[in-house]
Amino acid sequence: NAAVFSKADLTLYGNGSLSVDARFNDGIASKDGLIIAGGTISIHAADDGIRGKDYLVIKDGDITVNAGGDGLKSDNEEDETRGYILIETGRLNITSAKDAIAAQTDVLISDGGITLTSGGGSGKRVTESVSAKGIKAVVNTIIDGGIFSISSADDAVHSNGSLTINRGTFDISTGDDAIHADSTLEISGGVIRIAKCYEGIESHRITINSGNIHMAATDDGINAVDGTGQAGGGGWPGPGQGGGPPGWGGMQAGNSSLSIHGGYIVINATGDGFDINGSINMTDGIVIVNGPLSSANGAIDYDGAFKITGGFLVTAGSSGMAQAPGTTSTQCSLLLNFKQALSAGTLFHVQTDAGEGILTFKPAKTYQSVTFSSGQLKRGSAYQVYYGGSSTGTLTDHLYENGTYSPAFSYRRSG
């Protein structure tokens, strides 16, 4: 079964070193539980690197795995309380042809330095019959800390059930989704940098409470969709919800959702910035979206309701399907479509009649529509909107802070 094999519980600990060259099947395996609590361990395996059938617990150690199958694996399918992987701390460097970390039930990570390369990395593609994810759990994935560097052909962090990120630093590059859960996904902290992905964050119900998130997606940035594939009608929302033409309706909204209660989110998406087959609720946080060039997509796309009661939101993208928060919102929003597209880097500026600047935005791509919502926008007040010009302020994530704005063209709009 493996170069190092046990029919009973197996524990490896101490300050020594172990090198395993498993030219047939697994490197280290236990038919019961497997605990690694220290040492320097290097494994080259024809199939799985380290496998604990009932559980795999890593408490410490410096572990390097190169596996022709899965890197770390726990696969008890007969007992729902087993088949889990727990990583408390340690240094892990895992290269695998299939999943780097795979658990039949839960993956639980509290700390550690973890480098994962699965399926040849983000530049490769896998068939539907092959799973080459960075981290995969069938039931729950819970991450409470750690430093992660993940390059995966398939999803980087995945759960067939629920996924929770409370803390941690993530550098992700993937050929598919960066962070995916079939059922629910909650982010309550951490630093997440997604350099490359197909879709950034995807689940049926997504909640972002806090955290610093930057992503670049070749399709949608944040996608809320029913895991069964039962999406809503898509396109414009129903009457009174925002964005679409007056009287547009007949689209059935899905029951997926996105809730944003805090955090700092920067999205660069070739597809939709938000693609929500249901409703959006935003109460706080900062969201900056550089959306699509194609009119078949929008910086914001939802088919239920978008209620915003707090926070800061600015998006730029195409105008064909442009949407804004709906009329159930208590915070005011602005949706402005231009007759012609403006080139990348053309400033978009909003200020009060008294000349107080409340937004100076420098979109990263060609755009023809801007959506803006802030607590500084007041119903019944008048604002001046400019495009072009320049600013002497400090540019961070496409927003200018402080400095002086010098206009080029403008028109007046009442709030």
- Message: Under a 3.5 Å distance rule, please check whether Asp54 uses its side chain to pair with a backbone N or O of Arg82 as donor and acceptor.
- Response: no

- Item | Lys133 to Asp99 - nearest heavy-atom pair and separation | N-OD1, 2.7 Å

- Distance (rounded to the nearest 0.5 Å) between Ile206 CD1 and Ser257 OG: 8.0 Å

- Can you measure from CD1 (Ile143) to CG (Leu108) and round to the nearest 0.5 angstrom? 10.0 Å

- Item | Verdict with reasoning, Ile300 to Val289, per side chain to side chain contact (heavy atoms under 4.5 Å, CB included) | CA-CA 9 Å; Ile300 302 172; Val289 178; 5.9 Å; no

- Query: If only atom types and distance count, is the side chain of Thr352 paired as donor or acceptor with the main-chain N or O of Glu356 below 3.5 Å?
  - Reply: yes

- Between His204 and Ser183: side-chain donor-acceptor atoms closer than 3.5 Å: no

- Lys196 atom NZ: more than 12 heavy-atom contacts under 6.0 Å: yes

- Task: Can you see which heavy atom on Ser319 is nearest to which on Ser369, and at what distance?
- Result: CA-CB, 3.8 Å

- Message: Could you check whether Arg51 pairs with Asp75 (Lys NZ or Arg NE/NH1/NH2 to Asp/Glu carboxylate O, under 4.0 Å)?
- Response: yes

- Please list, chain by chain and in numerical order, all residues satisfying side chain to side chain donor-acceptor pair (under 3.5 Å) with Ser329, sequence neighbours excluded. none

- Could you go step by step and tell me if Tyr383 and Leu377 meet the side chain to side chain contact (heavy atoms under 4.5 Å, CB included) rule? CA-CA 9 Å; Tyr383 298 89; Leu377 291 175; 4.0 Å; yes

- Message: I'd like to know if the side chain of Ser162 pairs up with that of Asn140 as donor and acceptor (distance under 3.5 Å, no hydrogens or angles considered).
- Response: yes

- Note, Tyr264 side chain near Val191 side chain (heavy atom, < 4.5 Å): no

- Side-chain donor-acceptor pair present, Asn290, Asn268, cut-off under 3.5 Å: no

- Message: Would you say the ring centers of Phe361 and Phe348 fall short of 6.0 Å from each other?
- Response: no

- Query: Can you tell if the side chain of Glu186 reaches within under 4.5 Å of the side chain of Asn209, non-hydrogen atoms only?
  - Reply: yes

- When Phe170 is tested against each of Ile165, Ile194, Ile213 for side chain to side chain contact (heavy atoms under 4.5 Å, CB included), which residue passes? Ile165

- Message: How close do Ile87 and Leu92 get, counting heavy atoms only, and between which atoms?
- Response: CD1-CD2, 4.1 Å

- From Gln351 atom CD to Gln384 atom CD, the distance as rounded to the nearest 0.5 Å: 5.0 Å

- Is it true that the side chains of Ser333 and Ser373 contain a donor and an acceptor less than 3.5 Å apart? yes

- Point-to-point distance, once rounded to the nearest 0.5 Å, from CG of Leu10 to CD1 of Ile36: 8.0 Å

- Looking at Ala299 and Pro292, what are the two nearest heavy atoms and their distance? N-CD, 3.6 Å

- Message: With heavy-atom distances below 4.5 Å as the criterion, would you say the side chains of Ile201 and Ile192 are in contact?
- Response: no

- Find the distance between OG1 (Thr396) and CD (Glu401) and round it off to the nearest 0.5 Å. 5.0 Å

- Task: Please answer whether the main-chain N or O of Glu88 pairs with a side-chain N or O of Ser110 as donor and acceptor at a distance below 3.5 Å.
- Result: yes

- Query: Donor-acceptor pair, Asp26 side chain versus Gly49 backbone, under 3.5 Å?
  - Reply: no

- Query: Above 12 or not: heavy atoms from other molecules or residues under 6.0 Å from NZ of Lys365?
  - Reply: yes

- Message: Donor-acceptor pair, distance only, cut-off 3.5 Å: does the side chain of Ser159 make one with the backbone of Val139?
- Response: yes

- Message: Do Thr207 and His261 make a side-chain contact, defined as non-hydrogen atoms from C-beta onward lying under 4.5 Å apart?
- Response: yes

- So does Leu399 have more than 12 non-hydrogen atoms from other groups sitting under 6.0 Å from CG? yes

Table please: side-chain donor-acceptor pairs of residues 174-181 below 3.5 Å, with sequence neighbours left out.
unit_1: Thr174; atom_1: OG1; unit_2: Ser152; atom_2: O; d: 3.3
unit_1: Thr174; atom_1: OG1; unit_2: Ser152; atom_2: OG; d: 3.2
unit_1: Thr174; atom_1: OG1; unit_2: Asp154; atom_2: O; d: 2.6
unit_1: Thr174; atom_1: OG1; unit_2: Asp176; atom_2: N; d: 3.0
unit_1: Asp177; atom_1: OD2; unit_2: His180; atom_2: ND1; d: 3.1
unit_1: His180; atom_1: ND1; unit_2: Glu202; atom_2: OE1; d: 2.8
unit_1: His180; atom_1: NE2; unit_2: Asp182; atom_2: OD1; d: 2.7

- Examine distances only and state if a side-chain atom of Ser318 and a backbone atom of Ser294 form a donor-acceptor pair shorter than 3.5 Å. yes

- Are side-chain heavy atoms of Asp226 and Asn255 found at a separation under 4.5 Å? yes

- Message: If we ignore hydrogens and angles and just use 3.5 Å, is the side chain of Ser210 paired with the main-chain N or O of Ser188 as donor and acceptor?
- Response: yes

- Could you tell me whether Lys98 and Asp70 have a side-chain N and a carboxylate O separated by less than 4.0 Å? no

- Query: Do Ile101 and Ile94 come within less than 4.5 Å of each other through their side chains, counting heavy atoms only?
  - Reply: yes

- is_close_aromatic(Tyr405, Tyr400), centroid dist under 6.0 Å: no

- Task: With side chain to side chain donor-acceptor pair (under 3.5 Å) as the test, would you mind laying out the steps for Ser30 and Asp32 before giving the verdict?
- Result: CA-CA 5 Å; Ser30 168; Asp32 286 342; 5.7 Å; no

- Task: List the steps, then state whether side chain to side chain contact (heavy atoms under 4.5 Å, CB included) holds for Ile28 with Leu18.
- Result: CA-CA 11 Å; Ile28 300 174; Leu18 171 65; 3.9 Å; yes

- Mark yes or no for whether Asp303, through its side chain, and Gly278, through its backbone, hold a donor-acceptor pair below 3.5 Å. yes

- Item | His214 side-chain N/O to Ile267 backbone N/O, donor-acceptor pair under 3.5 Å | no

- Among Leu336, Thr315, Val314, Leu313, side chain to side chain contact (heavy atoms under 4.5 Å, CB included) partner for Phe372: Val314

- Can you see which heavy atom on Tyr386 is nearest to which on Pro407, and at what distance? CD2-CB, 3.1 Å

- Query: Do Phe306 and Met282 touch side chain to side chain, with heavy atoms closer than 4.5 Å?
  - Reply: yes

- Note on the structure: For Thr270 and Asn297 the tightest heavy-atom approach is O-ND2, 4.3 Å

- Message: Looking at Val65, is its backbone amide N or carbonyl O close enough to the side chain of Ser42 to form a donor-acceptor pair, meaning the two atoms are under 3.5 Å apart?
- Response: no

- Item | Audit row: Tyr55, Thr105, side chain to side chain contact (heavy atoms under 4.5 Å, CB included) steps and yes/no | CA-CA 10 Å; Tyr55 56 82; Thr105 55; over 6 Å; no

- Query: How far does CD1 of Ile58 sit from CG of Leu56, to the nearest 0.5 angstrom?
  - Reply: 5.0 Å

- Taking the side chain as C-beta and beyond, is there a heavy-atom pair between Ile260 and Phe274 under 4.5 Å? yes

